[in-house]
Amino acid sequence: YSKLKYSALEAKAELVVDKTPQGQPVMKELHLKIRLGEVENLRQAKLLVQKALDTGFILQSVKTHIVAEVTINDERQA
């Protein structure tokens, strides 16, 4: 169980779809842009985001290449 206080969460995703040599559609790449604003504990936020990217059920269940760009701002940067 982890609890993290933050003031804002923004997430954007772009999926690149291509075709296999046989003409079947395939999800080639998933680009994620994630921004957490004004987190209370910067170290904990970084650890939780990395854990979600490394072990998240849905992210680990697809063969699609995932590119994640994560920005975390702590309260001092607000």
Side-chain angles (χ1 to χ4, degrees):
Y1 173 75
S2 297
K3 187 175 184 178
L4 178 69
K5 291 184 180 182
Y6 57 91
S7 68
L9 170 64
E10 293 178 23
K12 295 181 181 183
E14 179 181 319
L15 180 62
V16 178
V17 179
D18 202 353
K19 289 189 177 184
T20 66
Q22 296 78 22
Q24 297 294 321
V26 63
M27 296 184 296
K28 191 168 185 163
E29 280 191 347
L30 175 63
H31 297 262
L32 298 172
K33 281 191 173 186
I34 303 164
R35 188 184 78 76
L36 273 174
E38 296 182 34
V39 298
E40 188 175 75
N41 184 328
L42 185 60
R43 182 180 172 278
Q44 181 188 20
K46 289 179 179 180
L47 289 172
L48 286 173
V49 168
Q50 193 59 52
K51 183 176 181 180
L53 293 171
D54 291 344
T55 64
F57 174 73
I58 293 174
L59 292 179
Q60 298 306 311
S61 68
V62 296
K63 295 179 183 178
T64 306
H65 177 68
I66 298 170
V67 179
E69 179 183 321
V70 179
T71 305
I72 302 172
N73 299 317
D74 66 11
E75 291 178 327
R76 295 170 297 205
Q77 295 173 335

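We count residues from 1, following the sequence as given. Computed from a predicted model, the values in this text were never measured in an experiment.
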### Message
Test of understanding: clusters of I, L, V, M, F, W, Y form through side-chain heavy atoms closer than 4.5 Å, transitively. Do L47 and L53 belong to the same one?
### Response
no
### Message
Any non-hydrogen side-chain atom of V70 less than 4.5 Å from a side-chain atom of K46?
### Response
no
### Query
Roughly how far, to the nearest 0.5 Å, is CG of D74 from CD of E38?
9.5 Å
### Query
Once you round to the nearest 0.5 Å, how far does OG1 of T71 lie from NZ of K33?
8.5 Å
### Message
If I take atom NZ from residue K28 and atom NZ from residue K63, how far apart are they, to the nearest 0.5 angstrom?
### Response
16.0 Å
### Query
Linking I/L/V/M/F/W/Y whenever their side-chain heavy atoms sit closer than 4.5 Å, directly or via other members, would V16 and I66 fall into one cluster?
no
### Query
Stepwise, does the side-chain contact (heavy atoms from CB on, under 4.5 Å) test hold for D18 with E29?
CA-CA 9 Å; D18 202 353; E29 280 191 347; over 6 Å; no
### Task
Quick one: closest heavy-atom pair of K3 and Q44, and the distance?
O-NE2, 3.0 Å
#### Entry: Hydrophobic cluster identity match, V26 and V62, side-chain contacts under 4.5 Å
no
### Query
Do V67 and V49 share a hydrophobic cluster, counting only Ile, Leu, Val, Met, Phe, Trp and Tyr and linking them when any side-chain heavy atoms are less than 4.5 Å apart?
no
### Message
Donor-acceptor pair, distance only, cut-off 3.5 Å: does the side chain of S7 make one with the backbone of G37?
### Response
yes
### Query
What distance do R35 atom CZ and I72 atom CD1 have between them, rounded to the nearest 0.5 Å?
11.0 Å
### Query
Side chains of L9 and I34: closer than 4.5 Å at any heavy-atom pair?
yes
### Task
Verify, without hydrogens or angle tests, whether T64 (side chain) and M27 (backbone) share a donor-acceptor contact under 3.5 angstrom.
yes
